[in-house]
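What follows is a single structure, written as structure tokens, with notes after it.
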Amino acid sequence: MIDIDETMCRIRKEASEKKIHLDLTPLKPQKPADRKQMTQSPFNHENKQAYHITDFLHLHDRDFVTNAYQLILSRPPDKAGMEHYIGRLRSGYFTKIDIIGRLRYSKEGRSKGVKISGLLFNFIIQTLYKVPYIGFIFRIIVAICMFPSIIRTIQSLDAGIHVMSDSFADQLHKQSQIFSQLLNQKVDRSELAAVSQAKVDRSELAAVSQAKVDRSELAAVSQAKVDRSELAAVSQAKVDRSELTAVSQAKVDRSELAAVSQAKVDRSELAAVSQAKVDRSEFSDVVSRISRKADITQLDDLKVLKADRSELFAYSEKKADLSLLEQKADCSSVLEHKNRIDDILRQIVEQRRNLIDQERRLSILLEETRKRFPAPLDTDQVQIMIQEDERLLDQYYVSFEDSFRGSRQEIKRRQTIYLSDIDHLKIKTSQFPILDIGCGRGEWLELLKENGYSAIGIDINRRMVQECCDLGLTVEEADAISYLQCQQNGSFSVVTGFHIVEHLPLKQLIRLLDECLRVLCTGGMVIFETPNPENLLVGAYYFYMDLTHKNPITPDSFKFLIEHRGFVQIQIKRHNKYSCLFHLPEADAFTNKWFYSEMDYAAIGTKA
């Protein structure tokens with residue numbers, strides 16, 4: 001066991017012998033610098049009845065407010081007052097003079113009656129600074145008058161800063177000297193710690209010397225262990241002898257193996273004899289074949305006959321193939337005739353509808369003519385005759401749409417992408433319905449109805465209007481511009497038109513856009529889809545399949561036109577990409593862009 005008390009006594013004795021001096025006295029605080037060198041004077045709690053304003057201004061922040069309360073009101077500040085004045089002082093809204101004046105001329109301050117020289121005039125000036133407009137002008141005048149004083153103050157501050165920097169440098173030098181002394185003292189303490197550490201090592205050394213006896217005993221045990229290893233070596237040698245005995249036994253087996261190998265030589269000779277016997281059997285077999293040579297020739301004759309039968313089978317198979325080809329040719333001709341009959345029946349149905357429509361228009365024309373004879377025709381009747389003349393192409397365009405536009409399901413699938421644009425408007429269509437111009441067969445109206453929207457369609461094709469009405473859709477026969485001119489301002493949420501703008505001249509297109517902007521409510525949207533001439537196959541070929549088309553409209557031109565007519569947030573949405581029909585490598589970017597890009601695009605604008 002190590003006696004702690006005894007160890008500490010020895011450490012103290014050795015330290016006194018070596019005369020180690022430990023200076024642990026605390027450092028003396030430095031004298032504060034002058035008040036002008038950014039230090040604050042202590043509080044002046046001597047309550048008097050007369051002060052000068054400079055007695056308050058040398059303190060700052062909370063010390064200033066506390067001192068002002070104590071000298072003017074003879075009490076410490078309350079929490080609310082402290083927070084109020086500190087907040088105004090830090091924000092720059094109040095100056096120190098403002099706070100002193102408000103405390104002195106408050107009800108409580110007037111009751112105390114403390115006199116403060118130089119306060120009244122400065123407080124009045126500070127109060128005038130806060131008067132709107134007048135205070136600003138007054139502040140400028142005072143600043144001009146005090147400009148020389150301000151210059152002197154700046155110069156004095158500059159000199160004070162230099163003085164403070166020199167003072168801080170001196171203090172830093174003194175502190176560095178003090179720190180160096182502390183480091184020297186710390187070295188002396190480390191020597192003392194080393195002495196104490198050395199003392200502990202000696203006690204450990206004594207413990208190790210006591211443990212030496214155990215090591216000698218361990219050496220004796222190790223010597224005994226050597227004898228045991230020799231015994232193990234002897235036992236190991238005995239094992240080798242037993243292995244030698246096993247080897248000698250194995251030698252007897254090898255001799256037996258040699259005897260067996262000699263017997264095997266006799267067997268090989270027997271195999272050679274048996275091989276010779278096989279050759280004899282083959283010789284007898286040849287003799288028997290020669291005796292049966294006549295049978296083989298007969299067999300060859302049978303083979304010839306068999307070959308004739310195979311040819312007969314081949315002829316029969318060819319005949320069956322010919323019959324199948326004849327049947328297949330008959331089926332293809334039947335299908336071809338059936339397709340022709342279907343086309344003829346479809347044309348007959350279309351022609352019948354066209355004839356019925358023409359008969360109806362002729363009856364209307366004759367009825368109007370009969371009403372006016374012998375009187376001349378008036379303007380309305382002439383207009384009716386002109387409108388009926390324009391309906392001569394209604395059936396043609398219906399047939400054209402059925403042949404080239406695509407099925408109703410395909411068109412509805414393409415137009416589904418515009419539902420998300422309408423959903424983002426968040427306008428109730430029950431109050432502001434959707435208007436579809438040139439609704440055609442009504443695919444878009446049917447899609448809107450399936451998704452819970454209220455929509456109205458207009459079209460000048462009487463046949464298509466009738467088909468939409470048969471489907472239960474709300475559709476009117478009307479010209480687009482004439483219909484829009486009869487509607488009230490802000491009466492629709494969305495106006496759409498699919499493949500109609502390419503049918504209109506520029507002036508009519510501008511009138512259509514202007515009327516759409518007028519009838520839309522605030523935040524409403526227009527969606528106009530048209531063929532995309534960026535796809536050169538569309539611009540040079542597919543566009544002109546419809547003989548009623550005027551000219552292609554590029555996306556940039558249409559975007560500029562819609563924006564020019566007052567719409568905002570213009571978007572160009574391209575779709576209907578048929579590149580799956582023409583598979584090209586991705587590396588051929590030019591061909592994919594100008595030939596196999598999207599075949600349609602939509603210009604979407606919003607009313608601000």
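For the residue pair Gln126/Asn122, the side-chain donor-acceptor check at 3.5 Å is not satisfied. Side chains of Thr95 and Asp98: a donor-acceptor N/O pair is present below 3.5 angstrom, by distance only.
Contact of the Phe492 side chain with the Ile434 side chain is not registered, since no non-hydrogen atoms from C-beta on lie closer than 4.5 Å. Taking the side chain as every heavy atom from C-beta outward, Thr530 and Phe498 never approach each other to under 4.5 Å. Taking the side chain as every heavy atom from C-beta outward, Pro148 and Ile151 never approach each other to under 4.5 Å. You'll find the side chain of Phe567 reaches within 4.5 Å of the side chain of Leu520, heavy atoms only. The shortest side-chain heavy-atom distance between Arg441 and Cys468 does not fall under the 4.5 Å cut-off. Counting heavy atoms from C-beta outward, Leu447 and Thr416 have side chains that approach closer than 4.5 Å. The closest side-chain heavy-atom distance from Glu467 to Val475 is not below 4.5 Å. Contact check for Gln70 versus Leu73: no side-chain heavy atoms found under the 4.5 Å cut-off.
In terms of modelled atom types and a separation under 3.5 Å, the side chain of Ser493 and the main chain of Phe432 share a donor-acceptor contact. Side-chain atoms of Arg518 come within 3.5 Å of backbone N or O of Leu484 as a donor-acceptor pair. Side-chain atoms of Lys607 come within 3.5 Å of backbone atoms of Leu517 as a donor-acceptor pair (strictly under, hydrogens ignored). Between the side chain of Ser74 and the main chain of Leu71, no donor-acceptor pair closer than 3.5 Å is present. At distances below 3.5 Å, not a single donor-acceptor pair connects side-chain atoms of Arg414 with backbone N or O atoms of Gln409. A distance-only check finds no donor-acceptor pair linking the side chain of Asp158 to the backbone of Gln155 [under 3.5 Å]. Side chain of Asp459 to backbone of Gly440: a donor-acceptor contact under 3.5 angstrom is found. At least one donor-acceptor pair under 3.5 Å links the side chain of Ser491 to the backbone N or O of Gln488. No side-chain donor-acceptor contact under 3.5 Å links Ser482 to the backbone of Asp479.
Checked against side-chain contact (heavy atoms from CB on, under 4.5 Å), Thr474 has the following partners two or more places apart in sequence or in another chain: Ile456. Listed by chain and number, the residues in a side chain to side chain donor-acceptor pair (under 3.5 Å) with Gln415 amount to none (sequence neighbours excluded). Residues that satisfy the side-chain contact (heavy atoms from CB on, under 4.5 Å) test with Arg110, not counting sequence neighbours, are Arg104, Lys107. Glu534 is linked by a side chain to side chain donor-acceptor pair (under 3.5 Å) to Asn532, Arg574, counting only residues two or more places apart in sequence or in another chain. Looking at residues two or more places apart in sequence or on another chain, you find a side-chain contact (heavy atoms from CB on, under 4.5 Å) between Ser430 and Lys428. Asp421 pairs by the side-chain contact (heavy atoms from CB on, under 4.5 Å) definition with Tyr418, Met525, Lys573, Ile604, not counting sequence neighbours. Listed by chain and residue number, Phe560 satisfy the ring-ring contact (aromatic ring centres under 6.0 Å, His included) test with His564 (two or more places apart in sequence, or in another chain). Taking the ring-ring contact (aromatic ring centres under 6.0 Å, His included) definition, one finds that Phe136 meets it with nothing, sequence neighbours left out. Taking Tyr483 as the reference, nothing meets the ring-ring contact (aromatic ring centres under 6.0 Å, His included) condition, with sequence neighbours excluded. In this structure Thr496 satisfies the side chain to side chain donor-acceptor pair (under 3.5 Å) test together with Asp436, Trp444, sequence neighbours excluded.
Among Ile562, Ile481, Ile500, Ile553, the single residue meeting the side chain to side chain contact (heavy atoms under 4.5 Å, CB included) criterion with Leu509 is Ile553.
Within the structure, every pair that satisfies the salt bridge (charged side-chain N to carboxylate O under 4.0 Å, His left out) test and touches residues 549-566, not counting sequence neighbours, is listed here: Asp514-Arg565. Screening residues 143-153 for salt bridge (charged side-chain N to carboxylate O under 4.0 Å, His left out), with sequence neighbours left out, gives no hits.
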With salt bridge (Lys or Arg N to Asp or Glu O under 4.0 Å) as the criterion, how do Glu446 and Lys449 come out once you've worked through the C-alpha distance, each side chain's angles and the decisive distance to 0.1 Å? CA-CA 5 Å; Glu446 187 176 9; Lys449 184 177 179 181; over 6 Å; no
Does the side chain to side chain contact (heavy atoms under 4.5 Å, CB included) test come out yes or no for Asp78 and Tyr69, once each step is laid out? CA-CA 9 Å; Asp78 56 285; Tyr69 266 85; 3.9 Å; yes
Working for side chain to side chain contact (heavy atoms under 4.5 Å, CB included), residues Ile100 and Tyr105: CA-CA 9 Å; Ile100 296 170; Tyr105 298 113; over 6 Å; no
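Contact between Ile422 and Leu448 at its shortest, heavy atoms only, is CD1-CD2, 4.1 Å. Heavy-atom minimum distance, Cys521 versus Ile427: SG-CD1, 3.9 Å. Pairing each heavy atom of Val526 with each of Cys516, the nearest pair is CG1-CB, 4.0 Å. Shown here for Gln487 and Val519, the closest heavy-atom pair between the two residues is CB-CG1, 4.0 Å. Nearest heavy-atom pair, Tyr544 versus Pro552, reported as atom, atom and distance to 0.1 Å: OH-CD, 3.7 Å. A pairwise comparison of heavy atoms in Ala455 and Leu445 identifies CB-CD2, 3.8 Å as the closest pair.
To the nearest 0.5 Å, the span separating CG on Leu512 from CD1 on Ile510 amounts to 11.0 Å. Here the NE2 atom belonging to His499 is positioned 4.0 Å from the CG atom belonging to Asp600, to the nearest 0.5 angstrom. Atom CZ of residue Phe56 and atom CG of residue Leu103 lie 9.0 Å apart, to the nearest 0.5 angstrom. Note that CD1 of Ile460 is 14.5 Å distant from CD of Glu476, once rounded to the nearest 0.5 Å. In this structure, Ile86 CD1 and Glu83 CD are separated by 7.5 Å, a value rounded to the nearest 0.5 Å. A distance of 11.0 Å separates CZ of Arg62 from CG of Leu89, quoted to the nearest 0.5 Å.
Ring geometry for His549 versus His503: interplanar angle over 60°, hence perpendicular rather than tilted (30 to 60°). Ring pair Phe94/Tyr85 is tilted by interplanar angle, where 30° to 60° counts as tilted.
More than 12 heavy-atom neighbours from other residues, nucleotides or ligands sit within 6.0 angstrom of CG on Leu419. Annotation for Gln569: atom CD does not count as buried by contact number, only 12 or fewer foreign heavy atoms lying within 6.0 Å.
The pair Lys412-Glu443 fails the salt-bridge criterion, with no side-chain N (NZ, NE, NH1 or NH2) lying under 4.0 Å from an Asp/Glu carboxylate O. Electrostatic pairing of Glu515 and Arg511 does not count as a salt bridge here, judged by no charged N lying under 4.0 Å from a carboxylate O.
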